[in-house]
Visitor: 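Handing you this structure, nothing more for now.
All heavy atoms count here, side chains included; hydrogens, waters and symmetry mates do not. Chain identifiers are assigned alphabetically (A, B, ...) following the order of the sequence lines, protein sequences preceding nucleic acid strands; residue numbering begins at 1 within each chain.
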Amino acid sequence: MNVTGSALLRGAYYVFWRELKRLVRQRTRIFMAVFQPVIWLVLMGNMMAGLTANPYAKQMLGVDNYLVFMTPGVMAMSSLFGGVFSGISIIWDRRLGFLHKMLTSPIPRFSIPLGKIWAIVMQIFMQMLIIIAIAYALGVRFVTGPGGVVVMLVFCGLLGSVMGGISLAVATAIKTPETLFAVINFLTMPLIFSSNAMFPLAAMPLWLQVIARYNPISYAVLPMRTLAATGWIWPDLLLGFFMLLLLNVVILLIVYHRFEKGLTI
Amino acid sequence: METLEEHLSRGEASRDEVFNEKREMIRTEKLVKVFPGGNKAVDEVSFSVYEGEIFGFLGPNGAGKSTTIMILTTLLDPTHGKAFVNGYDVNRNRKQVRMNLGYVSQVLSVDDALSGEENLWLQAGFYNLSREERKKRVNEVLDLTGLQQRRKDLVETYSGGMRKRLDIAAGLIHRPRVLFLDEPTLGLDIQTRREIWSYIKRLREEAGMTIFLTTHYMEEADQICDRIGIIDRGCLMTIDTPANLKKSLGGDLIFFDFAAAVTQGDMELALQKLGEQPFIKKIAPRANDQNGFVAVSSDGEADLPQFFAVLEQLKVKVNRVTLKIPSLDDVFLAFTGSELREEHADKEKNMQDRFTMRRLRS
């Protein structure tokens, strides 16, 4: 079937509209999305704040205030978690019959994951603004100011979209939420701990540094940390941006293929 | 393929002529679906459904009813064979097929987190209706299904029957030419079931819609279908009107017992006289009962008074008379056999069924 651009975008818009409506009505989901990063910032931030008193640690972290180091890490992690669960909605839609409803309507199939990814990105933007506000209240100041915040949002959106795409692609072949949760857990923990989200690269053994350097999360964290602590270092920003963009294109192509050809109904 | 409107606008045929031609709204040609793993769910099924008809697919669980619907609604690709909806090939013209059909799945596919109105609004969006058109149609289907008063409420506060009605309303929003209803009354109580039947009949009468439904309730098929196809193990066993199917079993059965006081000679005379009546096709003794017999008559209800008149004339007493008009159950059992099916249970299917039941019962 020929997928025309406007039909695709229109279909995706309605899927997006539905997801947002659902999100707004799920109070606990909103609460958790806000509460979890607060725990990270307040608890981890306090626990590790002593680190900057150690000159070696301070050198590795590259900041005076541990929270400045930590905030981009928490933002990246929250974006990852925001995205990685999006596949669950496909499984529920299938179980509740809504997937069939969308598939028998004339919208292109690719509209479905696309709309869901838009909704995830929108949700991530809201969540990030809240995290930044909390960090600000805790005394975190980004050296690049509001301009830096906007660019950080772009990075978070790109990362969330990659993770959402992976999750949606996996969900096309999986029928139960339990299985998808297992796959998600299997993916996310190693991804976080092999990235620079929580610990500086310099503190890692060499083999882990190599993995961390190619970890997609690092591509988001590094430029965000640069924006938070150092300034507008363009090579860092552009490298991260283009790598995440490339990843997005690859993942979306896979998602497209999975939904048009391989969707389990 | 041109639409009916285009055909009429060319002025070559009047609407009546077109209808007399019995326009085929659904057509399948030797449809086969083999699932990975070798399970043949649909086996060379060919049939046609005509405009304005309510056509029912009747069969035991796992007979291939839903698979056929899923092929016709473009959810599944057939392994072999062809299928057309309003003249469009489900393999090649999917977009047109989707524009022409409404699908109400077995699973309740309304979104509980949205209001009734929002569900319909969303559905209208999927069909790319303009803003004004959407407003109009949402109102129209809410009126038709009697949900106007509750339009703003979240669906999670709806009863099972209301959810089903909303689901049907959503399937109607783009005024499809053919409406597919997969087990439309599964799990509903009898009042709600009758209510849904009356909506289905109204759709045909008011909108001239062609309706294809699956069911395993005999009563449902009998009450609302113009024609019925009985399907079992993927094969289409027969297609006809409910009345013809019942007739095909030979006629109505009159069971009767002579009183104990009736002599052997009177009994034989009575049986002979009854056998001579044109409306009695056959008389046979019943097993395990010396005085019990069964007569096959062409129209039991009309024939019964005459039956009594014959006995009255001979002054022969009967103790007990039972008239059994063959039901669709009998037809169904005749075509599908009565043994229990070994169904391979699918975990996800069971889960879906459980969710549907829970939502319908709430």
Visitor: As an exercise, state the distance from NZ of B:K95 to CD1 of A:I107, rounded to the nearest 0.5 Å.
Guide: 10.5 Å
Visitor: Could you tell me whether A:M122 atom CE has more than 12 heavy atoms of other residues or ligands within 6.0 Å of it?
Guide: no
Visitor: Side chain, backbone, both or neither: which part of B:L114 has a non-hydrogen atom closer than 4.5 Å to chain A?
Guide: both
Visitor: Could you report the tightest heavy-atom contact between B:T74 and A:L103, atom names first, then the distance?
Guide: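 Taking every non-hydrogen atom into account, OG1-O, 4.3 Å.
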Visitor: Kindly give the heavy-atom pair with the smallest separation between B:S109 and A:G97, and that separation in Å.
Guide: CB-O, 3.2 Å
Visitor: To the nearest 0.5 Å, what is the distance between CG (B:N128) and OG (A:S6)?
Guide: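 Here the rounded value is 8.0 Å.
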Visitor: Which atoms of B:Q123 are under 4.5 Å from chain A, going by heavy atoms: the side chain, the backbone, both sets, or neither?
Guide: side chain
Visitor: Measuring from A:I112:CD1 to B:F126:CZ, what's the distance to the nearest 0.5 Å?
Guide: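 Nearest 0.5 Å value for the CD1-CZ distance: 7.5 Å.
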Visitor: Would you check if B:N119 and A:F98 make a side-chain contact, meaning some heavy-atom pair closer than 4.5 Å?
Guide: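 A side-chain contact exists here, since the closest heavy-atom pair is under 4.5 Å.
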Visitor: Sub-4.5 Å heavy-atom contacts with chain B: which residues of residues 18-28 of chain A show up?
Guide: A:R18, A:K21, A:R22, A:R25
Visitor: Rounded to the nearest 0.5 Å, what separates atom CG in A:L263 from atom CG in B:L75?
Guide: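 So the gap between those two atoms works out to 9.5 Å.
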Visitor: Side chain, backbone, both or neither: which part of B:D77 has a heavy atom under 4.5 Å from chain A?
Guide: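 For B:D77, no heavy atom lies under 4.5 Å from chain A.
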Visitor: Rounded at 0.5 Å granularity, tell me how far CG in B:L108 sits from NZ in A:K101.
Guide: 9.0 Å
Visitor: Can you tell me how far CG of A:D93 sits from CG of B:D111, rounded to the nearest 0.5 angstrom?
Guide: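 These two atoms lie 7.5 Å from each other.
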Visitor: Pick whichever of B:S105, B:G125, B:G102, B:A170 has the most heavy-atom pairs under 4.5 Å with chain A.
Guide: B:G125
Visitor: Side chain, backbone, both or neither: which part of B:V104 has a heavy atom under 4.5 Å from chain A?
Guide: neither
